[in-house]
Each structure stands twice: as C-alpha cells, then as structure tokens.
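In what follows, chains carry the letters A, B, and so on, assigned in the order in which the sequence lines appear, proteins first and then strands, with residues in each chain numbered from 1.
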There are 4 protein chains.
Amino acid sequence: MKKIKIGAVGLGRLGRKHAENIAFRIPNAELLAVCSVIEEEVAEVQKSWGVKYGYTDYNEMLKNEELDAIFIASPSALHCQQISDALDAGFHVFSEKPLGTTLEECKLAEAAVEKHPDKVFMLGFMRRYDPSYAYAKKKIEAGEIGKPILFRGYSQDPEHAIEGAIKYAGHSGGQFIDMAVHDIDLARWFLGSEAKSIYAIGGCYAHPEFGQYDDGDNVSALMQFENGAMAFLFAGRTAPHGYNVETEIIGTKGILRIASVPQKNLVEILDEHGVRKECSQDFLERFEQAYVDEVQEFVNCIIENRKPDVTVYDGTKSTIIAYAATESFRENKLVRL
Amino acid sequence: MKKIKIGAVGLGRLGRKHAENIAFRIPNAELLAVCSVIEEEVAEVQKSWGVKYGYTDYNEMLKNEELDAIFIASPSALHCQQISDALDAGFHVFSEKPLGTTLEECKLAEAAVEKHPDKVFMLGFMRRYDPSYAYAKKKIEAGEIGKPILFRGYSQDPEHAIEGAIKYAGHSGGQFIDMAVHDIDLARWFLGSEAKSIYAIGGCYAHPEFGQYDDGDNVSALMQFENGAMAFLFAGRTAPHGYNVETEIIGTKGILRIASVPQKNLVEILDEHGVRKECSQDFLERFEQAYVDEVQEFVNCIIENRKPDVTVYDGTKSTIIAYAATESFRENKLVRL
Amino acid sequence: MKKIKIGAVGLGRLGRKHAENIAFRIPNAELLAVCSVIEEEVAEVQKSWGVKYGYTDYNEMLKNEELDAIFIASPSALHCQQISDALDAGFHVFSEKPLGTTLEECKLAEAAVEKHPDKVFMLGFMRRYDPSYAYAKKKIEAGEIGKPILFRGYSQDPEHAIEGAIKYAGHSGGQFIDMAVHDIDLARWFLGSEAKSIYAIGGCYAHPEFGQYDDGDNVSALMQFENGAMAFLFAGRTAPHGYNVETEIIGTKGILRIASVPQKNLVEILDEHGVRKECSQDFLERFEQAYVDEVQEFVNCIIENRKPDVTVYDGTKSTIIAYAATESFRENKLVRL
Amino acid sequence: MKKIKIGAVGLGRLGRKHAENIAFRIPNAELLAVCSVIEEEVAEVQKSWGVKYGYTDYNEMLKNEELDAIFIASPSALHCQQISDALDAGFHVFSEKPLGTTLEECKLAEAAVEKHPDKVFMLGFMRRYDPSYAYAKKKIEAGEIGKPILFRGYSQDPEHAIEGAIKYAGHSGGQFIDMAVHDIDLARWFLGSEAKSIYAIGGCYAHPEFGQYDDGDNVSALMQFENGAMAFLFAGRTAPHGYNVETEIIGTKGILRIASVPQKNLVEILDEHGVRKECSQDFLERFEQAYVDEVQEFVNCIIENRKPDVTVYDGTKSTIIAYAATESFRENKLVRL
C-alpha cells in the first residue's frame, strides 16, 4: 500500500491533533516530518510518535525530497505564503482555514494553485466532511428537499471559553471572519450560489471587551444569494450549554437540520433538571471525525489523482463575504456584493 | 341542546377536578348536584360554581329525579355499592377506577350493570381517552404496526410525592393494584387479549416503609398473553424527574411510543445542564385533557344511546391481573391465570 | 358566579371556534348573542348552541343592553371601526388580530380605547397565552436566561394549504402583515423593546402566484431593537411537515426554544422512515388551548377590573414593524424606524 | 513507540473489520499476521494492507515468535480451544464474544487464563467501550443515579436482515445466547450483581421458521439480581426502523438512557412523514468506535501491564444466565440460579 508522506507545520492545539491523525488514523498516510518555531514542540512530537524529521524552519522542510505533501496548521497570517512556497517546491498542500487574513493573500494563494494544476490543494473547511453534513449534502443533491429556500447557520462557542476568546479578540478579525466563515462556506455549498446582499448586526451583550476591537460577543447576518435563496448566520461566544454548531436548510419539499441538539453522546439523563442531553464542549470534540475524514480525502485525492470538493476559491469567496459582513456590522449598513 | 344533568359524589382532589370539568368543560353536561360526607366541601363547591343541589348522604342524592347520571369519585371501597345503587335508582353511572377493591365487589358491579342493559356504565380508565393514547390505538387498529409483540408500560410517581404515598401505603393495595392497573388495562386494550402468565418482582430500593405492607417502592412484572404477546410493566414511586407514564407497543411492522419524554410543555431549555425539557409533575397535569374527554364520551354515550369502549368487565379483568401480579410479587413465584 | 355576557361578531372558521369556546369552555362567560352578515350562520349557531340573540347587523347588536362585552372576529378591515363603536356603546371589547389594516385605522382604535379607560380592551395575540409561551415568558422575567440577545421566530403554513393561501393572497397584505405580525409581537414582548432597523428579503420559491401581489411564498427579516437585541423572522407557506410555529430566545445565560418540533401529540413512531413525530397541521390544532386561555383572561380582566397584558398599542406597533418589513422586502433596502 | 504485534484469526465480516482496525486505527498496534481457513481471504488481506505473515493453520501462527498477541474472531465453537492454545503458546489474547458455546468450553478458557496470570486476556463485550456506555458507567460509579433499581436492555436486529438470521438460526444457540448475552453482560456490569431468578417468554410473531430451533423471533426476560435490582431484556429480529440497541438504568436518584433513538447521525429530517431521524442499520455502524476502543484498551493493557475490565468470568457468567433464560423460555418456567 502506497503511503503519502506528509510534513506538518504548526503544532498548536489543532495542529497537533491534525499531526496525530495523520500519524495514526489515516491508513495511507505517514507523518514523516513536523515543523514548528517552538523547538520543544518539535522534539516532543518526534519522540512521542517516532517522527523521522523535525524542523524549526519551514523552508528547510520544503527541501526534504522524501515528502509528498505539506500540511499547514500555522498561524493564519502565514497560510498563503506557505501554500505558495510549498506548491512551488513541488508538494501537494493542505491548509487549515482561513485561507488568508486579507484578500491580497488569498489572491496570492489562488495564483499559486493555478500555477500548479497537477498538485492537489485543499482547504480545511472540515465541516463539509463531517458525516452528518456530508449526509445532508447527499440528500440535497438527490433532490430530497427540493429547492433550497433558507440556510440557517449557528456557530456558538461556550461561555466557559470566553477568557481565551477575549485574549485572542485583537487577532481574530472579528466574529464573521473568525467563526461565521465556516457557516458562510456551508451556505455557499448547500445553496450552490454566491451572496449578493448582506446586513449584519450584533453587539456586546455580556462582554464589553470585544467592543474595543469593533467586534461583538454575539452577531448575526441576513444574506440573499444570487439564486434568490436566503441565509441567516448567527455567531456567538456566550453559549450557556456548550459548543453549538447547528445548521438548517429549508427547502421547498423538505427541511434538514444538523445537530440542533449538540449532544455529547447518546446518553439521556432524567433527573431533577428534567430530561436532558449533555453537550459537546469544543470543536475538537464535535468535529473529531471530520478532522480525520478531511485529511483522508486529501490523501485519497493525491493517490487517485483527483481534486477535492473544497477549492482555493472557496477560501477567497468565503473571505469576501465575511469581510462584507464585518463591514455591514461595523458601519451599520446594507452591503451589496 | 340537551344537557345531561349529573350528580357527583366525592369531592377530593380528583373528584373536585371532575366536578369542575362537568360544570364548565363539557358543553352538554350540567353539574346539578354534588355529594360529599364533608359538609364544608359541598357548601363551598355549591357556592363557588352555583351548583343547585348539595348532599352529604349519597342515598338522598339518588332520590333526586332531576338527575340523569351519577358520577362516582368516592373512596375505592365504596365504588361498587354506589354503582349498584345508582343503577338500581335508574341512573347512568360513571365510576372512577378502580372498579372495586376485591373481586367480590367487582362481581357485584358486574351484576348491577348486567341488570340494567339500558343504562350507560363507564369506568374511569382515562388513559384510553388521552389524545395520544387514542391516536396510538387508531394506528394499531389501522394495522400500521402489524401484529403487537410487546407492550411496555411505566407508571412512575415523582419522589417529591413520596410522603403522601407512604401515608397512603396501607390502603393502596400495593403498587400493582394502585398504579399498574392502568397499564394492565392499556396492555389488554392494545394487545386485544388476556394475560395467561405473570412473574412479578421488586423491592424497597429507597423507602423501606413500604415493606411493612408487603409492598415495594418499585416493582415490575412480565406477562404473556393468550395471543402470545408479551407485556412488561414497571411501577415506581421514586421518579427523580416527575410523573412519568410512558408506553411502548412494539409490533411486527412498527413501534409506537407514547410520552417517552413526559414533557411539561413545548419549551426546551439550553443551559448549563445541557439541552432539556422539564416534566409533568402529577397525573392532573399529565392527563388534564383525558379527564375531560372521558366524561365527554360518557355524556355522548348517554345522548347517542350507545355504550363506551371501557366496560365493567375491563375493571374486573384488570383487577384480576393486578391481584395475580401482587401474589407473584409477594410469594416470588410464577402465577398462571 | 357572575357570568360575563358576550356578543360575538364574525362566524368564520376562527370566529366560530371562538364563539364555541365562549359558549362552552369559559366558565364565567356566556355567549348571549352572535352576529354575522350571513344569516344562515347566525341561525345555525343559535340553534345548535342555544344562543339567545342573533343579528345580521352589528349596530343592532350594540343596542343590546344585556351584553357586557363584544368579541370581534370579523374581516380585518372592519376591526377598528367595530372596536370604536363597541367601546362607545359601553362595552368591553376583544378583537382578533390584526388590529387594523392601515395605520390610520389603528390610530382610530387607539383613540377609542383611550376615550374609555374604564373598559377592558384586548387584542388577540393568542400566542402570548399559549401555555408554552407563557411559561417561557415567566422564565425570562425570572432572569433564567439572562439578557436576551436574539429572538428567532418561524411561522410556516403547510404546503397542503397553499391553494387557500393563493386565493387569499390579494387580501393578505403580504406575509409580514399576515403571518409574521405574530412573531413581531412575540419579539417585542420577549425582548421588551422596539425595533429600530429592519432588512427583509424573500421570494417565490415554489409558487410564482404570490409575485403578482408583490409578495413571496417564503420571506425573512433581520431586525435590531433599541436595546441592542436582534430578531430574525422567517415566514413561509410551503412547510412540508405541517404547521410550524417555532420560537427561540437566546440569552446571555440560557436559551429557550418553543415548539422546535411541532409535534401533533406525544406519540413517537418507529418505522421504515426512522424515529419520528407527526406534526400539527393548522393553527386551530396548535393553539387550541391558547384560544381558550386568551378569552379566559379577557373575561377575568373584566371581572377583576384590571387590564390585560396585550394592549391596543401592541397592535399598532406590530403593524408599524410589519409595514416596515414589507417596505424593506418590496424595495430591497434597509429600513430604519 | 512500542507497537504490539498482533496475529488475527478469523476474517469474516467482523473479523476483517477488527483486522483493519488493528492495522490502521490503533497507533500502538501492528497487524503482523492474519489467519483464516479460506486461503483467498488471507492472500487478499495480506496484499491489500501489506500484512507480513499469512496462515491457513492457526497452530502455525502460534509458532510465530515475532507476535505479542492473538486476536480471535473465528467461529464461536473454536474460541475456547484457541484461547487456551494461544495462552499456552505465550501470547496475550483477545477473543470475540461469546466466550464459548457450552459451559464446559468456558471452564476450559477460565482454566487457561488462570494458568497464565501474567498474560492479558480480554473478551469482546465491546458495548462497555462504546463512548456512551462508558460515559453512563462513570456517572453510575459517581453516584449520580443513586442505587440502581431496574436495568432495561433492548437488542433488536432490523427486519431487513431477517434472511441471514433465519439461515443462521440453527447455529445461533437462540436469541438469549446470540443477542441478549450483550445485555446480560451490561446488566451485570451496571447493576454490579448476579442474577438469581429469571423468567423468559417470547414467540415467533412474524417468522415461524425460528420455531423449529425452539427459538423465537422476539423474546424477553425478567430477572432479579442478588442485590435486589431488576433487569428486563428484550431481543428481537424484526425491528422496522433499524438496528436498535437501547439501554436504560433506573436509579433511585436519576435515570440514564443510552441510544433510545438509534440515530444514524445528527441529521433531522422534516418532511411529509413528520420530524424524524434515520437509524443505524447494523452493529458495525452503531458500534464502529467501540470496536476500535476495546482493542485500544487491550493493547494499552499489554503495554501498561494491567488487566482489562472485562474478564473471562464475565464470559462464563453471562453464558450461564443466557442458558438459564433459554431454559426458562423453552420450558415456560421460572428458573432460579
């Protein structure tokens, strides 16, 4: 069995999880190299998992000719340059979302991808690979809900994670770019069209700290797409019950809801609080399988010489919409795209 | 519009509710008389609701020739004699369950009903008239679940009502007669057959007080019916979440569950306890509509000159099974009927 | 027991139901008179229910001095004049929603109400009296969800009722006025504030017939309120599963959802379609109890000499917002109030 | 990182899945050898997954000194002898359930395990390792539901798999041994006690074919345990909705339910059938993660030199109870243990 040899850059919380998945949960992949500017992280991962090569310099890793592909989970501002460099160095590339932090960066990445049509490039919109989302998509493609009318997407982080969110607020780009971009991608994917108008509102309902970054702790947006379909997005940082990512697609003949109860597992509790389900508490818990399945798809694409469903343009287009939402929210006006 | 004139005996918690329903929620009924050995209750109800006649002596009420029907919600031990007397006095009769507290009493009631075939007699197995149970019954009759295989019935009182249950334990006849008799009736009704074998177990898991009456605080029984179908009953007094009456009928082609979440209403709460529904807390809350609908059916039967679905024999047969379960539980043996 | 004597005008589908509730389900009310321009309706109702007085002329009914209150369920365009006339004639008044079909009409009704401060006036926003909505409101007032962030209200009619909707489309005033006005009232009630900006979109996704009336078959709106809270409304006429009225209130400390599954009853079915609940199919089924409880409250207010929670101003203010939404939808622009 | 080298015997449907999990989903395990009497299976698996050694003779495999552990997923009748041989050959052993098909076989396995106290032996009661069951167990151990009163376990195969079940019926040992043994193990595990009395009933409600093997297509049993707790088991082969394994543990202070809706994923569908969830269709779908997690635990036990929660005695004791249930069912009598 051919194994795709992967070098992973970025060993933060999510990056480490990705690296672990590549090492142990993707049959036809091998984690051959890891890279991080933090030397201890590299050493620790190499030792724990028996990874052959370790780097603190990304460009050094790109010189490793044993590698087939580069997996990028570094800080967002580095994504596009690293994508471009890796493609130019002859590698297939997977990059975590967001594609970039500015439109210029996204365009740079687009150009690099276009320059290397023989290479697989994939962007980490993992929700598309979650078993439930993938199942919903198939039903829609099979016509089971008719013509989509409204997409509703919620992305809520739990209140208990608020400290980290406040600390990171200055770098997040705001909730539309940081959180709602996933829902924007899903809306585009499920509706099969692009947004043409957007009105966004919100505020700091519990945590005024976000105000100094022109952000809110809870925001929402209403969009109309070119094909007439509607999308409503809600992103919040104060969910009392846990990590809540829920989606609804209302069609003319059926309606699909994904995770309207963000259940932790299949246990139901009956006690003095009533009949209840406990909830997922973070994205690694909720999307554990999706994080595996997206990388599996990336590896399969390389082996089978085909391109994944998520393209570099999905990154750019979602970013454009997220920026438009941010503009609408900050200036309290209707934005047309 | 013809109104059936009713005299109600018994003004305890449930009796008073019935009287109120007759007075105000049954269009073609009129609460013409009330009777209770507690004189103040009679006076209070007469005054509050403008009831024309009040009695402290049941036999006096039976002399009132303006009345069409007698509604019995007195203590269980009086039911059968009062049924017999009312029928002999020329009235239609509705009696709360249980039919009687001994088989001899039940037989007395049967004889009285048989002696007056022109009179409507109805027993208060109200669950059959609950909109959800009635809906399930229709589906079964329409063949939607095929042939019934297993009936499962739970009747759980909330732990917070335990004090009253302990106080009443000496008079309850035990949980099979006191609580599970409703499920026994439902099992017979849904399965369309009679029990032929029964094994019952249980114990005092939280409240040893029930032990002195040869009762448990939680008991269960497994029965096989003459047509081969199975029934599992569970009755408990320590439900942590509320008043839980749930039923499942497993058929060869479909399964129906009634109230597997005993929700108080349509509100769902998402908070630090997860995603939850609060629960019904007592039988008046859960079966409010059923208590109205059964009396409406009684009145309709009188007006339309027909007989209700629940007969005096349902009372006797359910009692026989409840006694067999009690015997099985107390003597730890298999009982064949 | 004092009974409030009521004269009811309008005996259409909902009007007849109201009249029936007044006659039989409100203990301290009496349906003393009915009025309709359709003579046969009047005769039929009088005969069936034994109603003493019947009228085909509303002003004749207002001369009946035995009456205490007038109940208006006539066509919307007549509401305000009838309200004004009835108040001037010395009656307490209940009017079905909408208050009026134009703002001028609403102002007329306001003036009449203000002129008769000793009279009870109540508007039929029955959802507030639905047990689940009332329960949610109490939780919010008790601070259980903290500060409201987002209100989400769906009002979807079933596709199987589309023919009637198309026929009535020319008179409906559009979906915001016809359907979403209930959600607008709920949003104002739950959020405790007034809308300040609104963006509405939508279209004809399945039934182009609505286009000729500048209406859609599915529409939505995003609003921000003066206190910063957000509201998202969705109204549709093509629900595949039934009559779906669902509401969510997201707060800083808790979230409440009302009827996110519009279940017909407590029966759950397990068959080849999976595990499922069947749904309510129209507003009379869903809000049966609310239609009783709101009238009970009206009658209680008269007896106890107090004013109901729903005022004439709720009618005007909801109408203003519904018009603003319609304007936003038709002209595809952001409307500020 | 040390990798445990495993030789797997049995490459049927479940055996192949196990082998695949060992090869690709258990980081610290290596599938070094496979064994099956079907030569093509061995060749195919070796080639597809790059497995170093292939055998058609189990005893040959036991001579391979590179191996650390043997994984048994062969036909049930071979389990105990293979367990004994592998332990004697110096290997750690994992065996699929059931431990054996007769009590004598089980005793043979017990003796072998006792003879090699330094070796890890584990039995494949995978449900204990399902994330939801493991979560429930922790809650019970933490005292969250108080003292267990009743265990309810359903194991239902879908009707669409009936053909295979009929074909296999002669070898299955009957439903209590074939299917309910998992629930018996769970009951013992959750209740922390052993059964002392059992009454079992059932029949052929849809498929008389099972009758010739003294089996039913749906059976149930009620048991009392030594600590007084009760257990109700239901096993069926005609589930209309899918593969339904659900469990309830009723305690004095709380109730836990696991998978009362056997949902396929997190997608909810709203259409003409109501609001519904589609269901899991077989055990590989439902217990995919459990099959991985149990083997991970086996490997961890070897590495960490400790014993797993499931012992050889769990196999024997569950078998004894399953036989008692079968006897009770066949002879229609109460069996005491």
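Rounding to the nearest 0.5 angstrom, the gap separating the CD1 atom in D/Ile249 from the CG atom in D/Leu150 is 9.5 Å. Taking CZ from B/Phe190 and CD1 from B/Ile140, the interatomic distance works out to 5.0 Å, rounded to the nearest 0.5 Å. To the nearest 0.5 Å, atom CG of residue D/Leu186 and atom CZ of residue D/Phe125 are 8.5 Å apart. Separating the CE atom in B/Met230 from the CD1 atom in B/Ile250 is a distance of 8.0 Å, to the nearest 0.5 Å. With values rounded to the nearest 0.5 angstrom, B/Phe176 atom CZ is found 6.5 Å from B/Phe329 atom CZ.
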Atom pairs (donor, acceptor) spanning chain B and chain D, under 3.5 Å:
from, atom 1, to, atom 2, distance (Å)
B/Lys147, NZ, D/Tyr205, O, 3.3
B/Arg152, NE, D/Tyr154, OH, 2.8
B/Tyr154, OH, D/Arg152, NE, 2.8
B/Tyr154, OH, D/Glu248, OE1, 2.6
B/Ser197, OG, D/Tyr199, OH, 2.7
B/Tyr199, OH, D/Ser197, OG, 2.7
B/Gly202, O, D/Gln224, NE2, 3.2
B/Tyr205, O, D/Lys147, NZ, 3.3
B/Tyr205, OH, D/Gly228, O, 2.6
B/Gln224, NE2, D/Gly202, O, 3.2
B/Gly228, O, D/Tyr205, OH, 2.6
B/Glu246, OE1, D/Arg257, NH2, 2.5
B/Glu248, OE1, D/Tyr154, OH, 2.6
B/Arg257, NH1, D/Ser260, O, 2.9
B/Arg257, NH2, D/Glu246, OE1, 2.5
B/Ser260, O, D/Arg257, NH1, 2.9
B/Asn332, O, D/Arg336, NH2, 2.9
B/Arg336, NH2, D/Asn332, O, 2.9

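Of all the listed residues (D/Gly202, D/Cys204, D/Gly146), the one sharing the greatest number of non-hydrogen pairs under 4.5 Å with chain B is D/Gly202.
Residues D/Val219 and D/Phe234 form no side-chain contact, since every pair of their non-hydrogen atoms from C-beta on lies 4.5 Å or further apart. Counting heavy atoms from C-beta on, the side chains of B/Ile269 and B/Val275 never come closer than 4.5 Å. Two residues are said to be in side-chain contact when any heavy atoms from C-beta on lie closer than 4.5 Å; B/Leu334 and B/Ile198 fail this criterion.
Within the 4.5 angstrom heavy-atom criterion, atoms from both the backbone and the side chain of D/Ile255 approach chain B. Residue B/Ala239 does not touch chain D at all, counting heavy-atom pairs closer than 4.5 Å. Heavy atoms of B/Ile201 lying under 4.5 Å from chain D belong to its backbone as well as its side chain. Heavy-atom distances place no part of B/Ile145 under 4.5 Å from chain D, backbone and side chain included.
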